[in-house]
Each structure stands twice: as structure tokens, then as C-alpha cells.
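Throughout, protein chains are lettered first and strands after them, A, B, ... in sequence-line order, and every chain is numbered starting at 1.
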Protein chains: 2
Amino acid sequence: MATIKDVARIAGVSPSTVSRVIAGSSRISASTKEKVRYAMEEVSYVPNAIARSLARSNTRSVGFTLSRRADQAFSNPFFSEVLRGISSIAQQKDYNILLSISRDEQEEKEKCLQLIRERRVDGLIVSTSRVKDTLISALVKEEAPFVVIGRSMGIPVLSVNNDNRQASKEATCHLLDEGYRSIVFISGPRDLVVSLDRLEGYKQALVERGIPVKPERIVSVDFSEEEGFSALCTLRENRVAFDAVLASDDLFALGALRFARHYRISVPEELGILGFNDTPMMPYTYPPLTSVRILSYELGMEAISLLIEGLEQPEKRQVKKEVVLPSLLEVRQSTQKEAAPIID
Amino acid sequence: MATIKDVARIAGVSPSTVSRVIAGSSRISASTKEKVRYAMEEVSYVPNAIARSLARSNTRSVGFTLSRRADQAFSNPFFSEVLRGISSIAQQKDYNILLSISRDEQEEKEKCLQLIRERRVDGLIVSTSRVKDTLISALVKEEAPFVVIGRSMGIPVLSVNNDNRQASKEATCHLLDEGYRSIVFISGPRDLVVSLDRLEGYKQALVERGIPVKPERIVSVDFSEEEGFSALCTLRENRVAFDAVLASDDLFALGALRFARHYRISVPEELGILGFNDTPMMPYTYPPLTSVRILSYELGMEAISLLIEGLEQPEKRQVKKEVVLPSLLEVRQSTQKEAAPIID
DNA sequence: CTGTTAGCGCTTTCAG
DNA sequence: CTGAAAGCGCTAACAG
């Protein structure tokens with residue numbers, strides 16, 4: 001493998017001149033530039049990224065970490081879409097992505113700190129949003145440049161998030177507009193900020209419409225189809241009446257669908273079902289499920305843009321900035337009580 | 001940030017001694033080892049991975065690249081499961097993953113070559129398997145250490161793959177066993193090795209059972225639900241009779257399900273539907289779809305294991321080795337013609 | 001505009 | 001068992 005010295009020797013110049021040509025320095029005569037270019041071609045020279053990193057003390061790579069629980073929580077497509085978004089900007093700005101998937105928050109924290117301390121990455125994108133988030137605290141303490149996908153409570157940080165509260169509110173209003181009156185809210189674990197925000201939106205919509213918020217209509221369970229299913233079964237056993245389900249995750253919505261089928265409750269006539277995340281398969285369930293589409297790809301793009309901006313212009317680095325992306329309600333048959341029955 | 005020199009100074013030894021302690025060299029007295037450990041704690045020293053990489057000329061990181069088309073082809077969950085598998089071993093063996101998602105094969109090829117030439121990674125995992133694969137040829141020419149997820153035709157390489165031919169054959173036999181006789185095969189693009197292999201298995205099963213292979217029952221379309229749907233509509237318009245669909249991707253199976261619903265054809269009684277990949281949502285369609293489960297997580301694990309093995313023991317590096325993982329047929333209602341109707 | 005000189009932080013002979 | 005010295009390949013003042 002050819003080095004900068006080989007190129008220098010062939011071109012009859014010093015290594016630093018070659019380095020300048022690579023860097024595109026302006027104060028280099030056209031002729032030597034030419035010679036160097038030629039020599040580089042000659043030995044098919046490619047700069048060694050590691051050596052460059054050492055000399056410049058930056059790596060041009062950013063870490064993206066997540067723990068499996070978050071992965072599950074958001075469901076897979078979310079995760080890979082975010083990654084695609086990150087990747088697209090990384091490609092464009094010539095950054096690399098170092099990926100790490102951990103089993104739990106603790107492991108993720110250690111991995112993040114390791115990446116930073118070993119100087120393997122210039123900054124991090126983390127996808128976490130617990131109410132009391134130890135990962136975020138650790139990164140702040142370490143003074144690591146990082147961006148959160150989600151919302152940080154308490155500690156001010158750079159973050160990109162979708163507007164969960166607003167989206168949840170709109171979803172609730174949609175159900176009300178369709179004529180549903182007794183809406184059950186299935187929430188994910190309460191220690192996730194996203195759960196709080198979505199619950200908040202649900203409540204807010206009801207309050208604004210003058211509809212009482214009944215605690216028995218709010219349940220919180222772990223993310224899984226099964227949990228969604230049995231949560232509704234339990235409500236039914238307890239004779240809690242409801243005519244719609246606002247599921248804070250598509251998995252819950254699937255569980256609700258199974259619940260309806262199980263008890264021969266017609267959707268959307270007798271039960272409206274609305275999910276979150278708009279998993280690619282939502283249009284293909286029967287009936288197709290209404291769901292809140294999260295701009296996951298864009299979330300990834302925004303996150304890395306924000307990170308790189310801070311890395312490249314440390315002078316105007318901010319402590320706190322929240323980018324909030326809108327969500328889109330994808331209305332499908334599962335909530336269209338009013339519409340005429342559809343023959344697809 | 002503390003360096004090895006700081007530690008050396010505090011411990012009253014030379015940098016090389018510190019280096020030896022880090023490396024766990026045996027010929028170091030217990031007492032100095034102790035002193036050095038203490039000094040490291042003192043300044044909370046963490047070795048700089050970049051400097052180490054430069055000195056040892058290896059990075060302890062591997063690249064995983066894929067192009068969007070492959071991503072689509074395999075559908076998202078496949079991709080993220082593979083990544084999880086790769087990540088689990090990487091974590092365990094203390095390797096890092098450098099991820100790159102490209103828009104097309106050409107871009108992916110360039111990115112791969114760049115990662116190798118810049119010496120940013122020690123090796124690559126690529127997920128590609130075209131009939132004439134330019135990426136694989138390029139990597140061989142570059143003499144880059146790499147492992148393919150999929151099957152390489154022609155060029156001998158290290159690869160891990162699931163047994164598509166066998167799985168497809170078993171799936172076909174399952175349909176036959178359930179009493180279906182006229183099976184349509186919906187294939188993905190013909191330039192993918194996976195398409196060929198699955199088609200091959202289908203044919204083989206029919207031949208073995210003495211059932212004629214009818215060309216009009218074999219269609220090849222791009223991966224999408226819509227394409228699957230319209231392929232079947234076209235068949236119907238052309239009065240091609242069939243009582244089962246072997247879909248070489250779950251998306252096609254979803255399309256088939258919509259087709260059945262559209263024409264009020266009952267599944268599984270009048271039409272059996274069987275997909276490939278066993279996307280997490282398959283159990284939740286109605287009726288639940290039978291699908292071939294691919295061990296994607298394991299595929300990732302095997303791939304990186306194979307790669308690392310070659311990296312760490314160059315002496316017994318092999319040119320060709322194909323690891324083949326079995327697939328599992330997940331039988332659900334969509335193919336259970338014989339079973340009594342189910343009230344879920 | 002270009003060369004010389006010192007590193008970046010760690011590893012690794014080679015002596016002792 | 002330990003230290004000195006010479007890199008790994010590149011960048012970045014500092015001169016000229």
C-alpha cells in the first residue's frame with residue numbers, strides 16, 4: 001500500500017506538499033499539483049484514514065447506539081429508517097457511522113463512553129428518552145458531543161423528536177370526529193418520555209372537547225401484541241365499556257384487532273382502532289389500520305445534521321436545541337365509522 | 001485526556017512498560033503492574049484506539065454495507081436482525097461495526113473499496129447475491145477480507161446463506177401435503193441468486209411428486225405488495241387456475257391475501273398462501289400467514305464470526321467456505337386446508 | 001509556493 | 001523484567 005512518502009518521492013516533492021494537494025490547499029502551483037496528482041494515480045494512492053485521524057485528532061465518524069429495549073419499543077422499521085436517514089447525510093458529508101446495539105441501557109452507556117473515551121468517534125447519536133435517563137447524564141458529564149433522538153426531560157441537550165403530544169391529540173380528535181366517545185388509551189411503559197407525551201395529548205384532546213378523562217380507560221403495558229390483546233380482554237372482563245382504542249404503538253393496535261376478531265366486534269363500526277408508528281404493514285391488515293406516521297428517516301437526518309454542525313463549528317455549539325418534527329395521521333378503514341362499508 | 005506518557009510518568013516507568021501492562025504481557029513484575037494499574041486509575045486513562053490502530057495497523061472494526069435495493073428485497077426486519085446478530089458477536093469479540101447504506105450497487109461498491117483502501121476497517125460483510133455480482137468481483141480483485149451474506153455464483157468466496165432451495169422445496173411439499181395442486185410461484189427479480197434458488201426448490205418438489213411444472217404458473221416481479229397483488233389479478237384475467245400461492249417474499253403473500261379478499265376467495269379453503277421471511281407481523285394478518293422463517297440473526301452472527309476468524313488467523317484463511325443455515329417453515333392458518341376452521 | 005521539523009499516541013524491536 | 005529509540009502515515013506550524 002502506497003504512502004504519502006511514495007507519492008512525494010515519485011512527484012519529486014516533499015510529503016507536506018502532497019498533503020497540501022490532498023487537502024486542496026490554494027497556495028500550490030498548478031504544475032506541482034499536476035505532478036502530485038499524476039504520482040497519486042501512478043501508485044493508486046489512497047490516504048490512510050487512521051493516520052489522518054491521529055494527526056488531526058478527529059475521526060469523521062459518529063456513533064449510533066441503541067439498546068434492544070428501545071429497539072423493541074419503537075419497533076424495527078423505526079430503527080432502520082432512522083439509520084437510513086443518518087446514513088444518507090453521513091454519506092453526503094463524508095462521515096462514517098459506527099453502530100452499536102446493546103442489550104440494555106447499562107451496556108449501551110458503557111459502550112457510548114468507551115467510543116468517546118477511546119476517541120473512536122467524534123460524537124454520538126443516541127436513541128433514548130427515559131424519564132430519568134442515566135445515559136444522557138453520563139454523556140453530559142463526559143462532555144461528549146451528542147444528539148438525542150427523543151426528548152430529554154430535565155437536562156437540556158440537543159435533540160430531535162416527533163411531536164408526540166400533538167400527534168396523540170390529533171389522533172384522539174380524529175376518533176372523536178368519527179363519532180367514537182369512549183376511547184381507551186393503551187400506553188407503553190411509564191418510564192419512557194414518549195409514553196408520557198402521548199398520554200398527555202390524549203388527555204388534552206378529551207379535556208378540550210369537554211369529555212371526561214376516565215382513569216379506568218388508561219392502561220400501561222409493555223410493548224407487545226399480546227399485552228395489547230390481554231389489556232383489552234381485562235377491561236372487558238371488568239366491564240369497562242369502550243368503542244375505540246388509541247394504541248400508542250402499532251403492536252397494541254394489532255392486539256386490539258385480534259381482540260375485536262376474538263369477540264366478533266366489528267371494526268370500525270363497533271370499535272375504532274388507531275395505532276402509532278405506521279409500520280409498513282399497517283395498510284395490509286384487515287381492515288387496514290389507521291396509524292400515526294413518524295418521520296423516522298427525517299429524524300435520523302436531522303439528528304446527524306445537528307451533530308455534525310456542532311462538531312464542525314464548535315464556536316457556536318449550543319447546549320440545548322430541540323428539533324421537533326411533525327407526524328402524519330394516516331387514516332385508514334379501522335377508524336372510519338362514518339364512511340360507507342368498503343369493498344376493497 | 002491522559003496519554004500513555006502521563007501514566008508512565010506517574011507510575012515512574014517508561015511508556016513501553018505501560019503499553020505492556022495494557023497488552024497483558026506476562027513478563028512484567030507484579031509490583032510494577034500494580035503501580036501502572038494505579039496510575040491508570042489515577043488519571044482515568046483509556047487507550048486511544050486510533051493511535052493503537054495506526055501502530056498495529058489494524059482497526060478492530062468491520063464494515064457492514066448494503067444497498068437500498070437489497071434492503072427492500074429482503075424487507076426491513078431481515079436487515080435489522082442480521083445487524084443485531086453481527087453486533088452481538090462484535091460486542092463479544094470487541095470489534096466495532098462500521099455501517100454504510102448505499103442507494104445502489106455501484107455506490108455500495110465504491111463505499112466498500114473506500115473503507116478498505118482507507119484502512120478504516122479490517123474486513124467487510126456484504127449482503128448481496130446477484131447472479132453476476134460486480135461488488136464481489138471488485139472485492140476479490142482488491143484482495144479485501146470479506147464475507148458474503150447470500151450465495152456467490154461463480155466466484156468462490158466465504159459466505160453464509162440460508163438454504164433457499166431446500167426451504168422452498170419443503171414449502172412446496174407442505175402445500176402439496178395440504179391438498180393443494182395448482183401452485184403459483186411468485187418470484188422476485190431474476191438477477192438475484194435467491195430468486196433462482198427458491199424457484200429451483202419449487203420445481204424440484206413438483207418434479208419429485210410427479211406434478212407437471214407449468215410455466216404459466218411462474219411469475220417474476222419486483223418486491224412489493226402491489227406487484228404481488230396484480231400478478232395474481234393478471235393470472236386470473238388470463239384464466240390461469242390455481243389453488244395456492246408460493247410467495248418468495250412476504251410482501252407477495254400480503255398481495256395474495258388482498259387478492260383473495262378482493263375476489264372473495266376464502267383462505268385457506270380455496271386458496272393456500274405461503275410466504276418467505278416470516279416478517280414479525282405474519283402471525284397477525286387474517287388469517288395468519290404461513291411463512292418460511294429465515295434465521296437472520298444467526299446469519300449475521302455466522303458472517304462476522306467467519307470474517308473475524310479469517311482476520312485473526314490469516315494462516316488458515318480459506319478462499320471458499322459456504323455456511324448454510326436451515327430455515328423453518330412456520331405453519332399457520334393460511335395453508336391449513338385440512339384443519340378444522342379456527343375460532344381464534 | 002514549498003521544504004523542514006515536530007509531533008498525534010501507541011507499539012515493538014533491540015539492548016541490557 | 002524494563003527502557004530507549006524508531007516507527008505507523010499523516011498534518012501543521014515555522015521558516016524561507
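DNA chain C is contacted by A:L54, A:A55 of residues 49-62 of chain A, taking any non-hydrogen atom closer than 4.0 Å.
Across the protein-nucleic acid pair, B:I22 atom CD1 and C:dG9 atom C1' stand 10 Å apart, rounded to whole Å. Between A:N48 atom CG and C:dC8 atom P there is a gap of 18 Å when expressed in whole angstrom units. Rounding to whole angstrom units, CZ of residue B:R120 and P of D:dG9 are separated by 16 Å. A:R9 places its CZ atom 13 Å from the P atom of D:dG9, with the value rounded to the nearest Å. If you measure from atom CD1 of A:I4 to atom C1' of D:dG7, you get 16 Å, rounded to the nearest angstrom. Put simply, CE on B:M40 is 17 Å from P on C:dG9, counting in whole angstrom units.
Between A:R84 and A:E81 a salt bridge is recorded (basic side-chain N to carboxylate O distance below 4.0 Å). Ion pairing between B:E142 and B:R117 holds under the 4.0 Å rule for side-chain N and carboxylate O. Electrostatic pairing of B:E322 and B:K320 counts as a salt bridge here, judged by a charged N lying under 4.0 Å from a carboxylate O.
For the residue pair B:T134/B:S137, the side-chain donor-acceptor check at 3.5 Å is not satisfied. Of the N and O atoms on the side chains of A:S67 and A:E105, not one donor lies less than 3.5 Å from an acceptor on the other residue. Defined by atom type and a distance below 3.5 Å, a donor-acceptor pair is present between the side-chain atoms of B:E110 and B:Q106.
Residue B:L115 is tested with B:L98, B:T59, B:V62 for a side chain to side chain contact (heavy atoms under 4.5 Å, CB included); the sole match is B:L98.
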> When every nucleotide of nucleotides 1-6 of chain C is labelled 5' to 3' by its protein contacts under 4.0 Å (heavy atoms), B for base, S for sugar-phosphate only, - for none, what sequence of letters results?
Replying inline: SBBB--
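Residue A:S19 has a polar side-chain atom (N or O) positioned under 4.0 Å from OP1 or OP2 of D:dT11.
Checking side-chain atoms of B:D122 against main-chain N and O of B:R60 turns up a donor-acceptor pair under 3.5 Å.
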